[in-house]
A.B. asks: 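Below is a structure I'd like to ask you about.
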Amino acid sequence: MPELLTADQMRAVERAAIDNGRVTGLDLMERAGRGVIAAMLEHWPHFAVTPGRAAVLCGPGNNGGDGFVVARLLRDRGWDVTVFAYGEVAKLPPDAAINAQGWTETAPVQPASLFTDLREECDLIVDAILGIGATRPLQGAIEATVKFLNEYKPGERKPRDRCRIVSVDLPTGLCSDSGRPLGSAVRADLTVTFHRAKPGHYLSDGPAHCGRLSVQPLGLDREPTYPHETVSATLIGEETLKRGQVPCLGKRAGGHKFSHGHAVVAAGSVGKGGAARLSARAALRIGAGLVTVAPPPAALIENAAHLDAIMLHAIRDARGLEEMLTDERIKALCLGPGLGGDRARDLVPVALAASRGTVLDADALSAFADDPQELFAMLHDRCVLTPHGGEFARLFPDIADRLDAMPARGPAFSRMDAARAAAARAGCTVLLKGPDTVVADPDGRISLNPAVYARAAPWLATAGSGDVLSGMIAGLLARGDTPHEAAATAAWLHTECALEFGPGLIAEDLPEQIPAVLRRLSANSP
Ligand SMILES: NC(=O)C1=CN([C@@H]2O[C@H](COP(=O)(O)OP(=O)(O)OC[C@H]3O[C@@H](n4cnc5c(N)ncnc54)[C@H](OP(=O)(O)O)[C@@H]3O)[C@@H](O)[C@H]2O)[C@@H](O)CC1
Ligand SMILES: Nc1ncnc2c1ncn2[C@@H]1O[C@H](COP(=O)(O)OP(=O)(O)O)[C@@H](O)[C@H]1O
Ligand SMILES: [K+]
């Protein structure tokens with residue numbers, strides 16, 4: 001499912017279902033526990049054949065309640081289960097208390113302090129200490145347990161090789177809205193969450209702590225989905241693209257090159273043109289009808305030696321760009337890759353005054369580090385800024401500081417919050433790059449492209465891959481996509497291209513994978 005829900009939103013969905021009488025909290029807890037067992041057996045089928053020994057660590061809230069359900073279900077399957085309680089069982093909330101009572105009627109609950117003695121003999125540890133209710137940095141017995149679990153590195157000791165850690169809903173200590181550990185957090189092998197994934201499963205350190213992710217149903221699919229304003233984020237995926245974007249990624253029968261848009265990529269001085277050429281190649285491959293690279297006159301020959309289908313038009317300075325932009329058929333601009341700081345400062349104001357779809361990346365962002373406000377004053381709602389972390393910190397230093405500061409409380413300030421705040425300040429779409437690329441609009445709308453779990457694409461950490469991304473966005477803007485759609489679609493395709501190519505990827509390879517990815521998308525379209 002494409003929506004991600006924050007902890008508050010998840011609680012609201014649960015509350016609405018209970019208030020409407022469709023389900024009880026106890027039912028949901030039972031379903032959650034069953035979901036954990038289902039996911040565990042799916043990932044480790046041998047556990048279905050050979051039950052082993054499990055330790056279930058139950059916390060002071062409903063996450064702990066889920067733990068008691070899991071403990072019972074494991075025991076029903078023949079497991080030897082020991083439950084450890086973090087906090088007083090007598091103070092558990094009502095549904096968790098019912099499940100705890102069911103357990104204590106038949107078996108003891110051990111104090112947390114005894115857990116470390118047993119651990120080495122376990123095949124499975126169920127972390128049901130804290131879930132979406134983790135609000136402050138871990139301390140005391142919980143912190144000690146988390147430290148103990150995490151110090152066992154796979155392969156270091158024999159028992160750890162076979163002992164799996166499953167976290168219920170979230171690894172204890174991980175902030176569900178930001179993916180940032182509140183002090184410390186469990187490093188699980190598998191995390192099983194319910195109904196919808198939470199932003200923290202995808203953002204920042206979340207994936208490293210979750211291990212693998214399974215989203216299990218709670219039977220809440222008939223509950224109202226959130227209106228756009230309150231959806232914390234949409235996960236970009238084939239599903240969303242199939243519904244919305246594929247027609248735009250194809251070419252219209254009977255169209256001509258100008259009906260698919262003309263994109264212009266400004267290039268820098270002699271010897272610096274590679275980045276702009278990469279952007280241009282990506283813009284053309286994504287389907288812009290025409291793409292022109294615009295270098296200074298001295299670099300014309302260099303670019304001519306490299307380009308065929310991509311056109312060339314030398315522009316000496318801002319006036320040259322102004323003249324070029326009298327051609328109304330130019331629909332999108334890309335400025336930044338290899339542009340150089342001086343040329344960026346010269347060209348950007350004219351480019352922005354032309355009010356076309358405009359991608360600003362690299363030098364076009366860093367050139368305004370001394371006075372970001374000067375840039376923000378010129379931006380308009382057809383712009384997309386594509387900063388990586390360093391460029392983001394230059395333009396939005398205070399926002400970046402909030403992301404760097406150690407979180408004192410949950411929910412912690414997230415990369416989604418940061419991108420949203422930046423978009424509101426800049427007044428345009430901001431794409432914050434990373435394995436968790438966030439696309440934010442000034443109205444708060446967020447799309448997230450996770451290049452994690454099965455979509456991990458570490459080969460994208462290669463020089464020039466960002467230039468390709470900005471070219472893809474410019475190409476889609478030229479074709480008429482909105483800034484948000486163009487940025488989100490390009491981010492997803494960019495990762496898919498990396499996955500299509502695989503190891504050994506360099507930036508030049510990325511645009512060449514676009515046809516295969518588009519072919520697959522159209523084959524899978526209804
Ligand atoms: N919502 C749903 O739809 C469904 C939810 N379900 C399950 O419920 C879970 C949410 O339950 P929850 O709200 O009770 O929160 P939970 O994570 O158990 O923690 C709260 C407790 O922890 C405490 N605490 C907090 N921080 C702490 C710290 N650092 N160190 C120590 N203690 C700390 C906090 O204490 P307090 O801050 O109030 O003093 C409170 O006692 C959810 O993750 C899922 O597993 C499913 O059953 C099915 C449907
Ligand atoms: N480990 C990674 N996993 C997924 N994507 C990555 C990773 N490292 C980098 N990327 C992506 O690669 C691109 C790099 O862009 P950028 O840092 O601007 O590089 P360059 O300036 O060399 O073009 C971004 O789209 C970023 O999201
Ligand atoms: K947990």
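All ligand and atom numbering here is 1-based and tracks the order in the structure.
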A.B. asks: Applying a 4.0 Å heavy-atom criterion (strictly less than), which segment of Leu460 is in contact with ligand 2: side chain, backbone, both, or neither?
C.D. replies: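 Near ligand 2, Leu460 shows its backbone as well as its side chain.
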A.B. asks: Kindly compute the distance separating CZ (Phe392) from CG (Leu403), expressed to the nearest 0.5 Å.
C.D. replies: 6.5 Å
A.B. asks: Taking non-hydrogen atoms only, is Pro93 closer than 4.0 angstrom to ligand 1 via side chain, backbone, both or neither?
C.D. replies: neither
A.B. asks: What atoms of ligand 1 come closer than 4.0 angstrom to any heavy atom of Pro137?
C.D. replies: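 That gives atoms 29 (N) of ligand 1.
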A.B. asks: Say whether Ile142, considering both its backbone and side-chain N or O atoms, lies within less than 3.5 Å of an N or O atom on ligand 1.
C.D. replies: no
A.B. asks: Look at atom NZ of Lys433 and say whether more than 12 heavy atoms of other residues, nucleotides or ligands are closer to it than 6.0 Å.
C.D. replies: yes
A.B. asks: Could you check atom 25 (O) of ligand 2 against the protein and tell me its nearest heavy-atom contact, residue, atom and distance included?
C.D. replies: His494 CE1, 3.4 Å
A.B. asks: Could you see which bit of Leu130 sits under 4.0 Å from ligand 1, with heavy atoms only: side chain, backbone, both or neither?
C.D. replies: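 Under 4.0 Å from ligand 1, Leu130 contributes backbone and side-chain atoms.
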A.B. asks: Using a strict cut-off of 4.0 Å, indicate which atoms of ligand 2 neighbour a heavy atom of Gly464.
C.D. replies: 20 (P), 22 (O), 23 (O)
A.B. asks: For atom 35 (O) of ligand 1, find the nearest protein heavy atom and state the residue, atom name and distance (0.1 Å precision).
C.D. replies: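 It is Arg136 NH2, 3.3 Å.
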A.B. asks: List ligand 1 atoms under 4.0 Å from Thr135, heavy atoms only on the residue side.
C.D. replies: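 Listed by number with element: 25 (C), 26 (N), 37 (O).
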A.B. asks: Which atoms of ligand 2 sit under 4.0 Å from any heavy atom of Ala451?
C.D. replies: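 This gives 4 (C) as the contact atoms.
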A.B. asks: Only heavy atoms count here, so choose which of Asn62, Leu218, Val192 is nearest to atom 8 (O) of ligand 1.
C.D. replies: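 Nearest heavy atom to atom 8 (O) of ligand 1 lies in Asn62.
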A.B. asks: Got an N, O or S from Leu170 under 3.4 Å of the K ion (ligand 3)?
C.D. replies: yes
A.B. asks: Just wondering, do Leu28 and Leu220 contact through their side chains at under 4.5 Å, heavy atoms?
C.D. replies: yes
A.B. asks: Does a side-chain heavy-atom distance below 4.5 Å link Tyr202 with Leu213?
C.D. replies: yes
A.B. asks: Can Arg415 and Asp436 be counted as an ion pair, charged N to O under 4.0 angstrom?
C.D. replies: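 Between Asp436 and Arg415 there is a salt bridge, with a charged N closer than 4.0 Å to a carboxylate O.
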A.B. asks: For atom 3 (N) of ligand 2, find the nearest protein heavy atom and state the residue, atom name and distance (0.1 Å precision).
C.D. replies: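 Of the protein heavy atoms, Ala457 O, 3.4 Å lies nearest.
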A.B. asks: Is there a side chain to side chain contact (heavy atoms under 4.5 Å, CB included) between Ile37 and Leu74 once you walk through the steps?
C.D. replies: CA-CA 8 Å; Ile37 301 291; Leu74 282 173; 3.7 Å; yes
A.B. asks: At less than 4.0 angstrom from any non-hydrogen atom of Gly434, what atoms of ligand 2 do you find?
C.D. replies: 26 (C), 27 (O)
A.B. asks: Strictly by modelled atom types, are Lys198 and Thr6 linked by a side-chain donor-acceptor pair under 3.5 Å?
C.D. replies: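 Checked: Lys198/Thr6 side chains show no N/O donor-acceptor pair below 3.5 Å.
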A.B. asks: Considering the heavy atoms of Ala463, write down every atom of ligand 2 situated less than 4.0 Å from one of them.
C.D. replies: 22 (O)
A.B. asks: Could you tell me if Ser204 and Arg180 have a donor-acceptor pair between their side chains, going purely by distance under 3.5 Å?
C.D. replies: no
A.B. asks: Considering only heavy atoms of Ala134, which atoms of ligand 1 have at least one such atom less than 4.0 Å away?
C.D. replies: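 Listed by number with element: 25 (C), 26 (N).
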A.B. asks: Measuring to the K ion (ligand 3), does Ile129 have an N/O/S atom at a distance below 3.4 Å?
C.D. replies: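 No.
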A.B. asks: Quick one: which ligand 2 atoms are inside 4.0 Å of a heavy atom on Asp467?
C.D. replies: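 It comes down to these atoms of ligand 2: 23 (O).
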A.B. asks: What I want to check is whether the side chains of Ser214 and Gln216 have a donor and an acceptor closer together than 3.5 Å.
C.D. replies: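 Yes, a side-chain donor-acceptor pair sits under 3.5 Å.
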A.B. asks: Looking only at non-hydrogen atoms, which of Val13, Val69, Asn63 approaches atom 9 (C) of ligand 1 most closely?
C.D. replies: Asn63
A.B. asks: Flag atom 1 (N) of ligand 1 as yes if some protein heavy-atom distance to it falls below 4.0 Å, otherwise no.
C.D. replies: yes
A.B. asks: Taking 4.0 Å as the limit for heavy-atom contacts, which would you say applies to Leu469 with ligand 2: side chain only, backbone only, both, or neither?
C.D. replies: side chain
A.B. asks: What part of Ile132, side chain, backbone, both or neither, has a heavy atom within less than 4.0 angstrom of ligand 1?
C.D. replies: both
A.B. asks: Does Leu510 reach the side chain of Leu460, with side-chain heavy atoms less than 4.5 Å apart?
C.D. replies: yes
A.B. asks: Checking the N or O distance criterion of under 3.5 Å, is ligand 1 in contact with Gln139?
C.D. replies: no
A.B. asks: Write down the atom of Ser470, the atom of Thr386, and the distance for their closest heavy-atom approach.
C.D. replies: CB-OG1, 4.4 Å
A.B. asks: Nearest heavy-atom pair of Pro372 and Ala369: which atoms, and what distance?
C.D. replies: CD-O, 3.5 Å
A.B. asks: Can you name the atoms of ligand 2, numbered from 1 with element, that are less than 4.0 Å from a heavy atom of Ala461?
C.D. replies: 8 (N), 9 (C)
A.B. asks: Salt-bridged, Arg187 to Glu151, with N to O below 4.0 Å?
C.D. replies: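 Salt bridge between Arg187 and Glu151, a charged N being under 4.0 Å from a carboxylate O: no.
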A.B. asks: Look at atom CG of Asp342 and say whether more than 12 heavy atoms of other residues, nucleotides or ligands are closer to it than 6.0 Å.
C.D. replies: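 Not buried by this count: 12 neighbours or fewer within 6.0 Å.
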A.B. asks: Rounded to the nearest 0.5 Å, what's the gap from CG on Leu432 to CG on Leu385? Could you check?
C.D. replies: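 One finds 11.0 Å between CG of Leu432 and CG of Leu385.
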A.B. asks: Taking the minimum heavy-atom distance to atom 49 (C) of ligand 1, which of Met29, Glu14, Arg15 ranks first?
C.D. replies: Glu14
A.B. asks: Would you compute the distance between atom CG of Asp127 and atom CG of Asp189 and round it to the nearest 0.5 angstrom?
C.D. replies: 11.0 Å
A.B. asks: Could you tell me which atoms of ligand 1, counted from 1 in the order shown, lie closer than 4.0 angstrom to a heavy atom of Gly131?
C.D. replies: 16 (P), 17 (O), 43 (O)
A.B. asks: Tell me the contacting part of Leu170 for ligand 1: side chain, backbone, both, or neither, using a 4.0 Å heavy-atom threshold, strictly below.
C.D. replies: neither
A.B. asks: Distance under 4.0 Å to a non-hydrogen atom of Thr437: what atoms of ligand 2 satisfy this?
C.D. replies: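 Every atom of ligand 2 under 4.0 Å from some heavy atom of Thr437: 27 (O).
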A.B. asks: If the cut-off is 3.4 Å, does any N/O/S atom of Leu130 fall short of it from the K ion (ligand 3)?
C.D. replies: yes
A.B. asks: Compute the minimum heavy-atom distance from Gly65 to ligand 1 and say whether it is under 4.0 Å.
C.D. replies: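 The answer is no: ligand 1 sits nowhere under 4.0 Å from a heavy atom of Gly65.
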A.B. asks: With a 4.0 Å cut-off on heavy atoms, is Pro458 touching ligand 2?
C.D. replies: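 True for this residue.
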A.B. asks: Have Thr495 and Asn449 got a donor and an acceptor in their side chains that come within less than 3.5 Å?
C.D. replies: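 The answer is yes; a qualifying pair exists.
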A.B. asks: Atom 23 (O) of ligand 2: which protein heavy atom is closest, and how many Å away?
C.D. replies: Gly466 N, 2.7 Å
A.B. asks: Are Arg281 and Glu512 within salt-bridge range, i.e. N to O under 4.0 Å?
C.D. replies: yes
A.B. asks: Do you see an N/O/S atom of Asn63, backbone or side chain, under 3.4 Å from the K ion (ligand 3)?
C.D. replies: yes
A.B. asks: Do Asp363 and Ser366 have side-chain N/O donor and acceptor atoms under 3.5 Å apart?
C.D. replies: no
A.B. asks: Considering only non-hydrogen protein atoms, determine which one is nearest to atom 25 (C) of ligand 1 and report residue, atom name and distance to 0.1 Å.
C.D. replies: Gly133 O, 3.2 Å
A.B. asks: Which of the numbered atoms in ligand 1 are below 4.0 angstrom from a heavy atom of Asp66?
C.D. replies: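 Answer, ordered by atom number: 6 (N), 7 (C), 44 (C), 45 (O), 46 (C), 47 (O).
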A.B. asks: How far is atom 13 (O) of ligand 1 from the closest protein heavy atom, and which atom is that?
C.D. replies: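 Ranking protein heavy atoms by distance from atom 13 (O) of ligand 1, first comes Arg11 NE, 4.0 Å.
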A.B. asks: Considering all heavy atoms of both residues, which atom of Leu335 and which atom of Ala351 are nearest to each other, and what is their separation?
C.D. replies: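 For Leu335 versus Ala351, the nearest heavy atoms are CD1-CB, 3.8 Å.
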A.B. asks: So, 3.4 Å as the limit: is an N/O/S atom of Asp127 located closer than that to the K ion (ligand 3)?
C.D. replies: yes
